[in-house]
Amino acid sequence: MSEQRKVVTILFADVVGSTEIASQRDPEVVRSMMSRYFMRVGEISAAYGGTVEKFAGDAAMVVFGVPVVHDDDPERAVRAALEIRDGGAELQVRVGVNTGEAVTAAADDRQFMVSGDAVNVAARLQQGAEAGEVLVGSLTHQLTRNAIEYEARAPVAAKGKTEPLVAHRALRPRSEVPVQMRGIPGLHAALVGRNRELRLLLDTFARVAEDRRPHLFTIVGAAGIGKSRLVSEALTGLADSGARVLRGRCLPYGRGITYWPLIEMLRQDTGTGLADEREGALAKLDRWLGELLSDDPQRPAVRARLAVMLGLETAEAIMPDTPAERVEREIGWAVRHYIEAVAHSAPLIVVVDDVQWAEPPIVALIEQLADRVADVPVLIICMARPEFLELRGGWSAGKANATTITLDPLDPLETSTLVSRLLEIEALPEDLRRQIVERSAGTPLFCEEFIHMLIDEGLVVRDGASWRAAATIDQIRVPQGINAVLAARLDLLPEEERSVLQSASVIGERFGLHEVDSLVGGDVESRLDSLRRKGLVSGGDSAGEEFRFRHLLIHDAAYGSLPKAGRATLHDRFRSVLEREARDPQQVTEILAHHAERAFALSHELGLEVEIVHERALKAVEWLFATADRARTRHDTATMDSTLHSIRTTAAELPAGGEPAIRARLRLLEAQLLVMRADYRGASEAAAEAAALAESAGLLSTVAAARLAAAWIWNFSGTGIVTEFE
Ligand SMILES: Nc1ncnc2c1ncn2[C@@H]1O[C@H](COP(=O)(O)OP(=O)(O)O)[C@@H](O)[C@H]1O
Ligand SMILES: [Mg+2]
């Protein structure tokens, strides 16, 4: 008999009042009731991957974690417990579930013996449960509270000399489908280290909530070091605090919209999706503001500014009395007002990821949130790569309510612990372990990816409950650095899977099955399934749900592995798919412009045929103009600026620097941008030039627009026309 120590989850279920039942009914009836019950317990347990260890009297003991460990054993056990509870109406049960270390002994394939304190605790929880109650121990609770809804309850009274047991009452699963039952390898280790950082974050939240004041908490660290993980651990720890969480992320430079992170948060809050038409989105905004600011006199003003930010209204139409250069500040004011209102009733956590890519208005807004939001509990958590602090040396400086921490690499001991947790393996050669620890430079993502790679290569194989190293594992070369590991993993993929991953990377960090399907042939769905099993992508769990790269670095590696000619073709193809299939292409101009611009720039760089380059340049210019126009309506000057820059570079490759029509429209947009920056002199010059260019090209509507702009500038600022008549 081989003995092993491992973490298992034990379930005890017992029928309530079975002796009474037995004394009141016909023994035969009782026997068939009990056997139906035992059969159900057996079926439910098997469905969730548990093993029935024994039926003792009318109590059943089920073990999750033998012979095979799943990293979601606790969740499986609690789900099984709830199903047993809700089962047959004829019998009431009490159930106890507990997770802990136990000694397991396997006599042969089918027989297990599990013993240890974890088992005793599970039994005591079951004995302390009321009829129809599922009680779980503290570790089970901690590991499953994201997946299961719990209720507090009094500890289970002591028996004999032992202390009362902390117990939680499981109510129901939070979702139909278990999070991880899909055969994704169990490569998610319990958190290693980071105790101090986690405590600091939790303490900061406690202060924010108690003192009712804002705090800006910034976590800086390289990609893959564990920023998102730290935040998600903290949020898990705060799951019962009643705090609300709003999340948004900044996109890489030039990928679209300055206000993106805020737009994401608002969409989340109002329940609006990309698919909503303008009217639908406005209606949702109104309904939601009606609740949030029910008798706030500022509601109309907040609504107008948020609608402009969301691109649902233009500033000219809805706030005509506000000078253009003030719109940005006004939007900031409205966002603050909204955040204050949300945080008024419950503590609010605002999470902003990839702040190193935030445009200046977002940076200013976050700082103002921390400075000016008064008397409400708001914790703002920003995550950024190290270049952020180089870019913005003054970030959070001189603020009493700001904390910035750097997430250092894990130290060698921690890294080694992480490797052990990721891979329960005894025969991992010491030299290999040393190399992983050394070459990972303390980056957890490296360890995860490298171990995935060992599995992909068949150098580490699953052997029942644990992993075994193949004899040839000594020959593996450990790449240097995370990018090298990712490149090596991509190399190992079968050609069809790699091409699915590469095509997806052109679409972006998130992508839909249907979108990838439009770019590559073959059975995309099963390839994505395989990529998900390998931990390269995640999501796509329900029909229509987006997929995403499991980490931005995986996306970047896949994109980087694609030859430039391939990238150019795919960007161009995806642009035309979107043009054809988007419900309203005008709602996704930023995305169209990105793909058109990439297709052009890559073709140009590769020196493709001049006709192709020109054709792609014209497409790019078209969508860049549409993007600049949209940015203008939301008074997003940063996006206007970068988009105009792209138009100039692209048009420069067209014969004679683009037609006069392009130059006229460009000049007009420049005039409008200068107005927003209150440079009226520059603006009026640009408007006059735009009018002249348009006139020579015979573009009457552009002439009119330019004249109108010039007149408006003069009327508004007293500058302009004068110079024209001099
Ligand atoms: N301290 C840690 N212990 C265990 N796993 C970790 C730890 N830090 C990060 N990881 C894992 O490493 C991977 C990369 O971490 P992530 O938080 O996404 O990095 P970042 O957000 O800094 O780019 C994730 O899969 C995460 O779960
Ligand atoms: Mg992250």
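On a predicted model such as this, the values are computed, not experimentally measured, just so you know. Every number for a ligand or one of its atoms is a count from 1 in the order of the listing. Because only heavy atoms are used, hydrogens play no part in the values below, and waters and symmetry mates are left out as well, while side chains stay in.
Atoms of ligand 1 lying under 4.0 Å from at least one heavy atom of Leu418, given by number and element, are 4 (C), 5 (N). Of all the atoms in ligand 1, the ones that sit under 4.0 Å from a non-hydrogen atom of Arg550 are 25 (O). Residue contact check: Ala222 has heavy atoms under 4.0 Å from atoms 22 (O) of ligand 1. Those atoms of ligand 1 with a heavy atom of Ala223 less than 4.0 angstrom away are 23 (O). When each atom of ligand 1 is checked for a heavy atom of Val192 under 4.0 Å away, the hits are 1 (N), 2 (C), 3 (N), 4 (C).
The nearest non-hydrogen atom to atom 5 (N) of ligand 1, considering only Glu449, Met383, Arg229, comes from Arg229. Remark: among candidates Glu414, Arg194, His551, Glu448, the nearest residue to atom 25 (O) of ligand 1 is Glu448, based on non-hydrogen atoms. Distances from atom 19 (O) of ligand 1 to the heavy atoms of Ser228, Gly226, Ser232, Cys447 show the closest one on Gly226.
Rounding to the nearest 0.5 Å places OG1 of Thr9 at 5.5 Å from CG of Asp73.
A donor-acceptor pair under 3.5 Å is absent between the side-chain atoms of Thr404 and the main chain of Thr218, judged by distance alone. Not one N or O on the side chain of Arg532 forms a donor-acceptor pair closer than 3.5 Å with the backbone of Ser538.
By the side-chain contact (heavy atoms from CB on, under 4.5 Å) test, Leu486 pairs with Glu449, Ile482, Leu553, Ile554, Ala557, sequence neighbours left out. Under the ring pair (Phe, Tyr, Trp, His ring centres under 6.0 Å) criterion, Phe511 pairs with Phe547, Phe549, not counting sequence neighbours.
Glu497 and Ser530 form a side-chain donor-acceptor contact under 3.5 Å, judged by distance and modelled atom types alone. Judged purely by distance below 3.5 Å, without hydrogens or angles, the side chains of Ser420 and Arg433 pair a donor atom with an acceptor atom.
Annotation: side-chain hydrogen bond (donor to acceptor under 3.5 Å, both in side chains) contacts involving residues 239-248, sequence neighbours excluded, comprise Arg244-Asp269.
Any protein N/O/S atom under 2.8 Å from the Mg ion (ligand 2) was counted, giving 1 altogether.
Ring planes of His141 and His168: parallel class, angle under 30° (limits at 30 and 60°).
Residue contact check for ligand 1: Gly224 places a non-hydrogen atom closer than 4.0 Å to it.
You'll find the ring centres of Tyr559 and His571 inside the 6.0 Å limit.
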